[in-house]
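These notes are about the structure you will find just below.
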Amino acid sequence: SSLTGSTLAGLRPVPNTRTQASRPTEMPALAAKIDQLVRFSGAQTVAVAFHDLATGKELLIHPDENFHAASTMKVPVMMEIYRQVAAGRLSLDQKIPIKNDFASIVDGSHYSLTPDSDSEQSLYTRVGQTETIGELMRLMIIVSSNLATNLLIERVTPDRVMDLMRTIGANNIRVLRGVEDGKAFQKGLNTTTTARDLMIVMRAIAERRIISSNASDEMIRIMLDQKFNEGIPAGLPRNARVSHKTGSITRINHDAAIVYAHSGKPYVLVVLTRGIEDEKIAHKLIADISRAVFDERGDKSRASRVDRVRVR
């Protein structure tokens with residue numbers, strides 16, 4: 001059945017800022033501070049996309065540079081799950097088999113994942129059992145389970161994820177496949193993203209324009225439970241709340257976030273990094289950029305409530 005019509009009613013592309021390239025002139029001091037942090041870190045390439053939902057201000061640094069998406073691609077997968085739930089194709093309570101056998105997009109040959117290279121390992125002990133789509137989705141986001149991700153991508157399909165991204169105006173994200181498809185990796189068939197596109201994704205969720213306000217609220221709530229908080233959250237006061245998704249592979253570290261750190265509306269911050277060998281240095285760079293953005297935005301007296309997210 002089609003996923004158009006009413007399920008897309010709330011999906012309006014984010015206004016296109018592509019013609020505005022990098023716009024450091026709006027916040028020259030912040031742009032200079034970030035440039036200094038990046039140079040000190042020794043990173044090969046760093047992209048930053050900041051959008052303030054309160055003022056509409058943006059800072060875009062290398063916004064259209066392509067990066068390996070790593071686990072940030074799991075957010076578009078979550079969004080497509082909610083679209084298919086709204087269309088009646090899936091239910092979050094629906095149980096699906098847990099298996100560790102997947103087909104390469106290159107030639108259909110079989111491959112499996114290894115627990116050692118997955119940040120969530122308990123699911124591997126349950127192969128042959130079942131789990132709900134909702135719980136697999138939660139594991140995919142908050143502990144970045146690769147096995148859960150592959151089970152869900154196989155169910156919703158990369159093509160439909162890509163269709164959803166194009167619908168919201170995220171035109172340069174490429175979600176091609178599941179995780180650990182070695183043959184695809186060797187051929188350069190990787191899932192990629194830009195900072196601008198992840199900003200578009202997170203902004204659409206923050207503005208509660210994805211599928212429905214309730215579905216957007218649920219996605220925000222899931223990402224608030226993120227267990228990997230060494231990046232953007234580490235640069236913020238303790239009372240800030242961050243709904244976000246990280247991603248990392250060798251010499252790649254990313255964080256894409258909706259930040260509730262001041263009174264009033266939140267802001268979206270995406271930091272993508274490439275070329276830093278030591279993950280701790282990459283985490284510190286992302287945290288320092290996060291702090292610089294927070295300081296630039298001002299009003300440090302109190303963190304904003306996640307006031308529009310109705311917790312059930």
Side-chain angles (χ1 to χ4, degrees), residues 42-47 62-81 97-121 123-124 127 136 139-141 143-166 170-198 201 228 231 245-256 270-279 281-283 286:
Q44 177 190 337
T45 315
V46 176
H62 303 304
D64 300 313
E65 176 81 18
N66 277 299
F67 289 77
H68 192 299
S71 290
T72 62
M73 52 77 78
K74 295 170 184 178
V75 177
V77 175
M78 172 175 66
M79 293 161 68
E80 176 57 21
I81 289 168
I98 301 170
K99 60 168 191 165
N100 188 7
D101 179 41
F102 304 99
S104 172
I105 62 167
V106 173
D107 58 7
S109 60
H110 291 261
Y111 71 95
S112 58
L113 309 187
T114 56
D116 290 349
S117 61
D118 200 334
S119 55
E120 201 292 317
Q121 300 177 349
L123 212 52
Y124 292 86
V127 169
L136 290 170
L139 292 173
M140 172 179 73
I141 297 296
V143 288
S144 211
S145 166
N146 289 340
L147 185 55
T149 301
N150 278 22
L151 293 169
L152 293 169
I153 285 182
E154 188 175 80
R155 184 69 47 152
V156 301
T157 76
D159 285 348
R160 288 191 186 275
V161 177
M162 292 272 282
D163 173 71
L164 176 56
M165 292 300 97
R166 301 304 172 260
N171 295 318
N172 290 319
I173 287 182
R174 295 168 73 228
V175 179
L176 299 183
R177 58 175 175 85
V179 185
E180 303 288 343
D181 183 343
K183 287 187 176 179
F185 181 80
Q186 287 165 11
K187 288 188 174 292
L189 298 173
N190 297 318
T191 293
T192 60
T193 190
T194 66
R196 189 196 303 272
D197 278 31
L198 277 176
V201 164
F228 303 117
K245 184 73 192 78
T246 59
S248 64
I249 57 173
T250 304
R251 302 176 81 241
I252 294 279
N253 280 274
H254 307 323
D255 206 350
V270 177
V271 184
L272 308 182
T273 76
R274 180 167 56 227
I276 300 176
E277 294 284 353
D278 185 341
E279 193 171 54
I281 293 174
H283 289 156
I286 295 170

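Values in this document were obtained by computation on a predicted structure and should not be read as measured data. The basis for the numbers below is simple: all heavy atoms, side chains too, and nothing from hydrogens, waters or symmetry mates.
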Return yes if a side-chain donor-acceptor contact under 3.5 Å exists between Thr157 and Asp159, otherwise no.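 On atom types as modelled, these side chains do not qualify, holding no pair under 3.5 Å.
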
Do Ser144 and Lys245 have a side chain donor and acceptor closer than 3.5 Å?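 Yes, Lys245 and Ser144 have a side-chain donor paired with an acceptor closer than 3.5 Å.
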
I need the minimum non-hydrogen distance between [X] and [Y], along with the two atoms involved.
| X | Y | answer |
| --- | --- | --- |
| Ser119 | Phe228 | CB-CZ, 3.8 Å |
| Asn146 | Ser71 | OD1-OG, 4.4 Å |
| Ala170 | Asp197 | C-OD2, 3.0 Å |
| His68 | Ile252 | O-CG2, 3.9 Å |
| Ile141 | Met78 | CG1-SD, 3.8 Å |
| Val175 | Pro76 | CG2-CB, 4.5 Å |

Quick check for you: to the nearest 0.5 Å, what is the distance between [X] atom [atom1] and [Y] atom [atom2]?
| X | Y | atom1 | atom2 | value |
| --- | --- | --- | --- | --- |
| Ile249 | Arg274 | CD1 | CZ | 10.0 Å |
| Thr193 | Arg174 | OG1 | CZ | 11.0 Å |
| Asn172 | Asn66 | CG | CG | 6.0 Å |
| Leu123 | Leu136 | CG | CG | 6.0 Å |
| Leu151 | Leu139 | CG | CG | 10.5 Å |
| Ile286 | Leu272 | CD1 | CG | 8.5 Å |

Measure the shortest side-chain to side-chain distance between [X] and [Y] over non-hydrogen atoms and say whether it is less than 4.5 angstrom.
| X | Y | value |
| --- | --- | --- |
| Met165 | Met79 | yes |
| Thr194 | Glu65 | no |
| Val161 | Met73 | no |
| Leu113 | Phe102 | yes |
| Ile173 | Thr72 | no |
| Phe67 | Leu198 | no |
| Leu152 | Val156 | no |

Set of residues satisfying ring-ring contact (aromatic ring centres under 6.0 Å, His included) with respect to His283, sequence neighbours excluded: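 ring-ring contact (aromatic ring centres under 6.0 Å, His included) check on His283 returns nothing, list empty.
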
Residues which pass ring-ring contact (aromatic ring centres under 6.0 Å, His included) with Tyr124, listed by chain and number, not counting sequence neighbours: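 Scan of Tyr124 (ring-ring contact (aromatic ring centres under 6.0 Å, His included), adjacent residues dropped) gives none.
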
Main chain of Leu147, side chain of Asp118: is a donor-acceptor contact present, judged purely on distance under 3.5 Å?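 Yes; at least one donor-acceptor contact below 3.5 Å.
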
What do the steps show when you test Asp101 against Val127 for side-chain contact (heavy atoms from CB on, under 4.5 Å), and what is the final call? CA-CA 10 Å; Asp101 179 41; Val127 169; over 6 Å; no

Listed partners of Ser248 passing side chain to side chain contact (heavy atoms under 4.5 Å, CB included), at least two apart: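 Side chain to side chain contact (heavy atoms under 4.5 Å, CB included) check on Ser248 returns Asn253, Glu279.
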
Can you give me every donor-acceptor pair (side chain of residues 184-192, partner residue at least two apart or in another chain, under 3.5 Å) with its distance?
unit_1	atom_1	unit_2	atom_2	d
Asn190	OD1	Arg177	NH2	2.7
Thr191	OG1	Leu176	N	3.3

Non-neighbouring partners of Glu154 that pass salt bridge (Lys or Arg N to Asp or Glu O under 4.0 Å), sequence neighbours left out: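 Salt bridge (Lys or Arg N to Asp or Glu O under 4.0 Å) list for Glu154, sorted by chain: Lys99.
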
Just jot down the side chain to side chain donor-acceptor pair (under 3.5 Å) partners of Ser112, sequence neighbours excluded, or say none.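 Partners of Ser112 by the side chain to side chain donor-acceptor pair (under 3.5 Å) criterion come out as none, since no residue qualifies.
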
